[in-house]
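Structure, as structure tokens:
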Amino acid sequence: MTASRPIRLGLRENAAQFILLVAVNALVGGMVGQQQTILPLLAERTFHLTGYAFIFAYVAAFGVTKAATNYLAGTLADRFGRKPVLVTGWLFALPVPLLIIWAPSWGWVVFANILLGVNQGLSWSTTVMMKIDLVGPRQRGLAMGLNEAAGYGAVAVTSLLAGMLAEQYGLRPAPFLLGLSYAVLALILSTVFIRETRDHVALESSTMQPAEPGLTNARIFADTTWRQPALSAASQAGLVNNLNFGLSWGVFPLLFAGAGLNVAQIALLVALYPAVWGLGQLATGWLSDRWGRKPFVALGMILQAAALAAIAASPGFAGWACGAIVLGLGTAMVYPVLLAVVGDVAHPTWRARALGVYRLWRDLGYAFGALVGGLIADAFGLTAAVWAAAVLSLLSAGVVMTRMYETHPRPGP
């Protein structure tokens with residue numbers, strides 16, 4: 001009989017599994033990237049939809065479903081293990097590209113995005129949990145930077161590839177064959193090669209003070225939502241951050257198309273934001289392990305506000321490109337660091353549930369961004385929706401500066 005591997009914490013000690021999880025999360029991001037450029041154009045050009053709020057319903061459906069599934073993922077992962085939740089998430093992904101390819105009406109696209117929300121909520125959540133489980137507290141920021149860089153780097157690359165395929169072969173089916181191949185590959189990797197990480201949670205817990213007794217799901221929800229200052233500040237910042245992403249998903253392609261840009265140019269602009277976001281996280285997560293979390297979150301939200309204002313005020317491609325780059329940089333400063341904040345504060349025995357609550361609020365931002373952005377765009381125009389997001393980002397930065405404390409256990413170089 002082969003001896004079981006010793007359980008150790010650390011990125012280097014778990015490098016093989018960590019790299020596999022990074023690859024799987026890149027495929028999770030790619031499932032979103034196949035849609036970013038294409039679906040708003042599909043709504044207008046294939047289904048002839050009018051009314052921005054109606055068009056953006058697919059983003060809202062995705063966001064609400066992903067948010068709710070994030071919350072369930074934490075509880076399910078604690079009860080049944082991380083790996084079963086990850087594999088289940090990929091089973092929900094398989095029909096998504098096929099539904100969009102064959103959709104005879106926009107309702108099919110909305111339903112496909114509900115399934116995509118379940119996939120993202122289960123699969124992305126569990127890759128986050130498993131990486132945090134593997135590395136322990138010392139390299140948590142770096143781990144989250146690598147995780148989110150892979151996911152949003154894949155969003156950018158796939159968005160650009162999908163746009164190029166659409167320009168060459170049409171809006172359907174070619175761009176969505178990318179997503180189908182991603183789902184099949186990820187299901188194989190998750191089922192065959194990924195290993196459970198709950199033993200790593202037990203090892204980390206054994207080195208810490210026991211968790212507060214009687215900590216119920218309701219108490220964890222309250223702490224992460226409003227009671228605990230750092231957790232609640234992280235939750236609201238995450239919500240506004242993804243409000244911006246949801247808004248960009250629905251508004252940006254239509255704003256750029258309205259100025260006469262072709263599909264390839266729109267795809268390039270749409271891809272710039274997650275590309276800078278993805279690459280930037282390679283540095284920001286690691287630096288937050290050295291310099292602390294709060295400065296990155298506060299400055300990142302301020303940069304997002306400035307970038308959105310620049311996009312709203314710019315008349316053409318150059319200004320939009322600069323705004324997208326700064327928006328990506330601001331998001332890179334926030335995204336992995338907020339996950340690390342939750343990991344810093346939450347005890348390992350209830351960390352998965354706290355991450356689920358945080359990601360519930362964060363990903364409700366997709367829905368708020370789509371619905372609020374759609375309503376404002378219908379009433380006042382697309383540019384007004386971008387200005388509104390800039391104001392909300394600035395307000396969010398104020399909440400972080402006044403409410404969040406430094407959570408990293410050993411800030412400093």
Side-chain angles (χ1 to χ4, degrees), residues 28-40 42-43 49 51-74 89 92-93 96 99-100 106-125 128 148 151-152 155 159 179 221 224-225 234-254 270 273-274 277 304 308 327 331 334-335 338-339 355-378 385-386 388-389 392-393 396:
V28 181
M31 293 297 295
V32 173
Q34 69 174 334
Q35 300 194 10
Q36 260 202 309
T37 304
I38 307 303
L39 286 194
L42 199 68
L49 298 180
Y52 295 124
F54 185 66
I55 291 173
F56 300 162
Y58 76 95
V59 183
F62 168 82
V64 170
T65 308
K66 183 171 187 268
T69 312
N70 284 333
Y71 179 70
L72 290 175
F92 277 92
V96 170
L99 284 169
I100 298 174
W106 189 244
W108 282 49
V109 177
V110 173
F111 178 65
N113 272 267
I114 291 173
L115 297 183
L116 182 64
V118 176
N119 158 250
Q120 299 284 302
L122 295 180
S123 299
W124 202 310
S125 291
V128 167
E148 302 304 293
Y152 287 97
V155 171
S159 178
F221 183 90
T224 311
T225 303
S235 292
Q236 68 80 29
L239 186 147
V240 175
N241 184 94
N242 273 21
L243 179 148
N244 294 340
F245 188 37
L247 187 81
S248 74
W249 196 352
V251 168
F252 286 4
L254 299 180
V270 170
Y273 169 28
W277 174 358
Q304 288 186 55
L308 289 163
L327 185 60
T331 308
V334 169
Y335 220 72
L338 289 174
L339 288 166
L355 284 167
V357 176
Y358 160 72
R359 288 169 62 84
L360 164 72
W361 290 115
R362 190 193 69 183
D363 289 338
L364 277 175
Y366 286 115
F368 284 119
L371 293 176
V372 174
L375 291 172
I376 293 175
D378 274 335
V386 181
L392 287 173
S393 298
S396 176

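FYI, the numbering just counts along the sequence from 1.
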Intermediate values then yes/no, side-chain contact (heavy atoms from CB on, under 4.5 Å), V386 and F252: CA-CA 9 Å; V386 181; F252 286 4; 4.2 Å; yes
V128 and L355: CA distance, side-chain angles, deciding distance, side-chain contact (heavy atoms from CB on, under 4.5 Å) verdict: CA-CA 9 Å; V128 167; L355 284 167; 4.3 Å; yes
Working for side-chain contact (heavy atoms from CB on, under 4.5 Å), residues Q304 and V334: CA-CA 10 Å; Q304 288 186 55; V334 169; 3.8 Å; yes
Stepwise side-chain contact (heavy atoms from CB on, under 4.5 Å) check, R362 with Y335: CA-CA 10 Å; R362 190 193 69 183; Y335 220 72; 3.1 Å; yes
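The shortest side-chain heavy-atom distance between Q120 and F92 does not fall under the 4.5 Å cut-off. When side chains are defined from C-beta on, N113 counts as touching L39, because their heavy atoms get closer than 4.5 Å. Looking at heavy atoms from C-beta onward, F62 lies out of side-chain contact with Q35 at the 4.5 angstrom threshold. In this structure the side chain of T224 never reaches within 4.5 angstrom of the side chain of L360, judged on heavy atoms.
Ring pair F221/W361 is tilted by interplanar angle, where 30° to 60° counts as tilted.
Here the straight-line distance linking atom OG1 of T65 with atom CG of L116 works out to 9.5 Å at 0.5 Å rounding. Note that CD of Q236 is 10.5 Å distant from CG of N241, once rounded to the nearest 0.5 Å. Note that the CG atom of L239 and the OH atom of Y358 stand 9.5 Å from one another [nearest 0.5 Å].
Side-chain contact of T331 with N244: a donor-acceptor pair under 3.5 Å is absent, judged by distance alone.
Residues W106 and A43 share a closest heavy-atom pair of CH2-CB, 3.5 Å. The two residues P253 and P40 come nearest to each other via the heavy atoms CG-CG, 3.9 Å. Of all heavy-atom pairs between A389 and L243, the closest is CB-CD2, 4.1 Å. In plain terms, the two heavy atoms of V155 and V32 that are nearest each other are CG2-CB, 4.3 Å. Residues L247 and G373 come closest through the heavy atom pair CD1-CA, 3.5 Å. Looking at every heavy atom in both residues, G179 comes nearest to M31 through O-SD, 3.2 Å.
N119 contributes a side-chain N or O that, together with a main-chain N or O of G89, makes up a donor-acceptor pair within less than 3.5 Å. Although no hydrogens or angles enter the test, the distance criterion places a donor-acceptor pair under 3.5 Å between the side chain of S248 and the main chain of F245.
Annotation for Y71: atom OH counts as buried by contact number, over 12 foreign heavy atoms lying within 6.0 Å.
Residue pairs satisfying the salt bridge (Lys or Arg N to Asp or Glu O under 4.0 Å) criterion with at least one member in residues 64-74, sequence neighbours excluded, are listed as follows: K66-D363.
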